[in-house]
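Accompanying notes for the structure given below.
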Amino acid sequence: MTEKLALVTGASRGLGFAMAEALAPEYHIVAVARTTGALEELDDRIKAKGGAATLAPMDITNVDAMAQLCRSIHDRWGKVDIWVHAAVHGAPLTPAGHIDQKDWAKSVAINVTSTGQLIPFLTPLLGADGQAVFFDDPRAGGKFFGSYGATKAAQIALARSWQAETTTTGPKVSILEPNGMPTGTRARFFPGEDRAPLSAPKDEAARLLSLL
């Protein structure tokens with residue numbers, strides 16, 4: 001098929017939502033997230049722009065579901081032109097000595113383990129000409145950011161290894177650093193922050209796509 005395909009994991013809110021909307025209608029969007037209502041809102045936005053989307057309301061930590069999704073993409077489209085990985089778990093801020101083990105396990109599962117599962121699934125679909133996009137957030141080592149910072153850093157370390165390994169063979173792996181945005185995750189990290197100076201997700205999506 002000649003239709004270009006963009007897979008967006010973590011497409012239900014924030015930057016993932018904005019990136020999916022910005023990529024349409026140039027790409028058919030496969031939007032992955034757990035929140036069905038938010039995906040339906042994204043679908044409405046995409047259709048309003050003349051685009052089309054396939055909604056995949058699933059948990060990226062469910063390895064069997066993600067394997068089936070990638071197989072379905074292969075059977076229908078044969079490839080992925082761009083994969084935007086925006087799924088993340090922002091665990092509540094806490095001293096390292098008080099990390100909640102359920103939050104820690106969830107952070108590892110979403111931010112690290114799922115990435116290590118998805119890269120092997122997506123590598124053959126992206127091929128030599130596709131592109132994968134990750135978003136860095138250099139808070140590792142910061143006070144109270146133990147769960148989020150450590151697992152996000154591990155995710156990006158894995159992406160950097162993949163990037164170094166595919167420099168001459170493809171796919172192209174891009175690691176971008178977004179500016180601060182008024183997202184729900186940031187609100188949990190910085191309650192009471194003045195949100196006026198922050199970048200709107202749609203503006204940040206446009207800026208980041210211009211760098212690719």
Side-chain angles (χ1 to χ4, degrees), residues 7-20 30-42 55-70 73 83-123 132-162 173 175-178 180-193 195 198 201 204-205:
L7 172 67
V8 182
T9 41
S12 64
R13 58 177 61 86
L15 184 58
F17 186 107
M19 291 288 285
V30 176
V32 180
R34 290 179 300 171
T35 310
T36 301
L39 288 177
E40 291 173 345
E41 180 184 349
L42 174 63
L55 307 183
M58 57 183 60
D59 187 338
I60 65 166
T61 66
N62 185 328
V63 64
D64 292 334
M66 297 310 298
Q68 181 59 50
L69 174 65
C70 290
I73 290 173
W83 169 35
V84 176
H85 188 45
V88 69
H89 176 59
L93 301 188
T94 182
H98 296 273
I99 289 175
D100 180 85
Q101 291 306 299
K102 288 184 178 180
D103 278 327
W104 174 254
K106 188 174 181 180
S107 297
V108 172
I110 295 175
N111 300 345
V112 186
T113 303
S114 66
T115 306
Q117 293 166 343
L118 286 168
I119 289 174
F121 289 164
L122 268 298
T123 294
V133 182
F134 296 86
F135 302 107
D136 198 4
D137 187 350
R139 301 185 192 277
K143 290 193 301 183
F144 311 121
F145 277 95
S147 291
Y148 172 74
T151 55
K152 185 64 176 174
Q155 178 193 85
I156 297 303
L158 178 56
R160 291 196 189 283
S161 291
W162 191 27
V173 178
I175 300 170
L176 307 177
E177 187 172 332
M181 295 169 287
T183 62
T185 298
R186 188 177 179 94
R188 290 194 297 274
F189 289 163
F190 305 108
E193 178 185 34
R195 295 161 74 88
L198 301 177
E204 199 55 16

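Because the structure is a prediction, the values reported are computed rather than measured.
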Could you tell me whether the side chain of [Y] reaches within less than 4.5 Å of the side chain of [X], counting heavy atoms only?
{"X": "I99", "Y": "D103", "value": "no"}
{"X": "L198", "Y": "R186", "value": "yes"}
{"X": "V63", "Y": "F121", "value": "yes"}
{"X": "T9", "Y": "V84", "value": "no"}
{"X": "D137", "Y": "E177", "value": "no"}
{"X": "P57", "Y": "T35", "value": "no"}
{"X": "F134", "Y": "L176", "value": "no"}
{"X": "L93", "Y": "F189", "value": "yes"}

Exercise for the section: Start with the C-alpha distance between F145 and T94, add both sets of side-chain angles, then the distance that settles side-chain contact (heavy atoms from CB on, under 4.5 Å), and finish with yes or no. Expected result: CA-CA 7 Å; F145 277 95; T94 182; over 6 Å; no
Problem - Between W104 and Y148, ring centroids under 6.0 Å - result: no
Exercise for the section: Kindly indicate, with the supporting measurements, whether the criterion side-chain contact (heavy atoms from CB on, under 4.5 Å) is fulfilled by V108 and H89. Expected result: CA-CA 9 Å; V108 172; H89 176 59; over 6 Å; no
Can you name the nearest heavy-atom pair linking [X] to [Y], along with the distance?
{"X": "A11", "Y": "A31", "value": "CB-CB, 3.8 Å"}
{"X": "I175", "Y": "R160", "value": "CD1-CG, 3.3 Å"}
{"X": "V8", "Y": "G16", "value": "CG1-O, 3.6 Å"}
{"X": "P182", "Y": "R195", "value": "O-NH2, 2.5 Å"}
{"X": "G10", "Y": "A86", "value": "O-CB, 3.9 Å"}
{"X": "G14", "Y": "P201", "value": "O-CB, 3.9 Å"}

Problem - SB check D100 K106 (cutoff 4.0 Å) - result: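 Result for this pair is no, no salt bridge flagged.
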About how many Å separate [atom2] of [Y] and [atom1] of [X], when rounded to the nearest 0.5 Å?
{"X": "D64", "Y": "Q68", "atom1": "CG", "atom2": "CD", "answer": "9.5 Å"}
{"X": "F17", "Y": "T183", "atom1": "CZ", "atom2": "OG1", "answer": "14.0 Å"}
{"X": "D59", "Y": "I110", "atom1": "CG", "atom2": "CD1", "answer": "6.5 Å"}
{"X": "S12", "Y": "L55", "atom1": "OG", "atom2": "CG", "answer": "11.0 Å"}
{"X": "S147", "Y": "H98", "atom1": "OG", "atom2": "NE2", "answer": "12.5 Å"}
{"X": "I156", "Y": "D136", "atom1": "CD1", "atom2": "CG", "answer": "4.5 Å"}

Handout entry: Candidate pair C70 and L122, rule side-chain contact (heavy atoms from CB on, under 4.5 Å), full reasoning
Key = CA-CA 7 Å; C70 290; L122 268 298; 3.7 Å; yes
Practice task
Keeping the roles fixed (side chain from K152, backbone from F135), state whether a donor-acceptor pair exists under 3.5 Å.
Solution key: yes
Fill in the blank from the handout: side-chain contact (heavy atoms from CB on, under 4.5 Å) with H85: of I60, V32, L7, only one passes, and it is I60
Handout entry: Crowding at CZ, R34 (>12 non-hydrogen neighbours, <6.0 Å)
Key =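 No, CZ of R34 has 12 or fewer neighbouring heavy atoms, counting only those of other groups under 6.0 Å.
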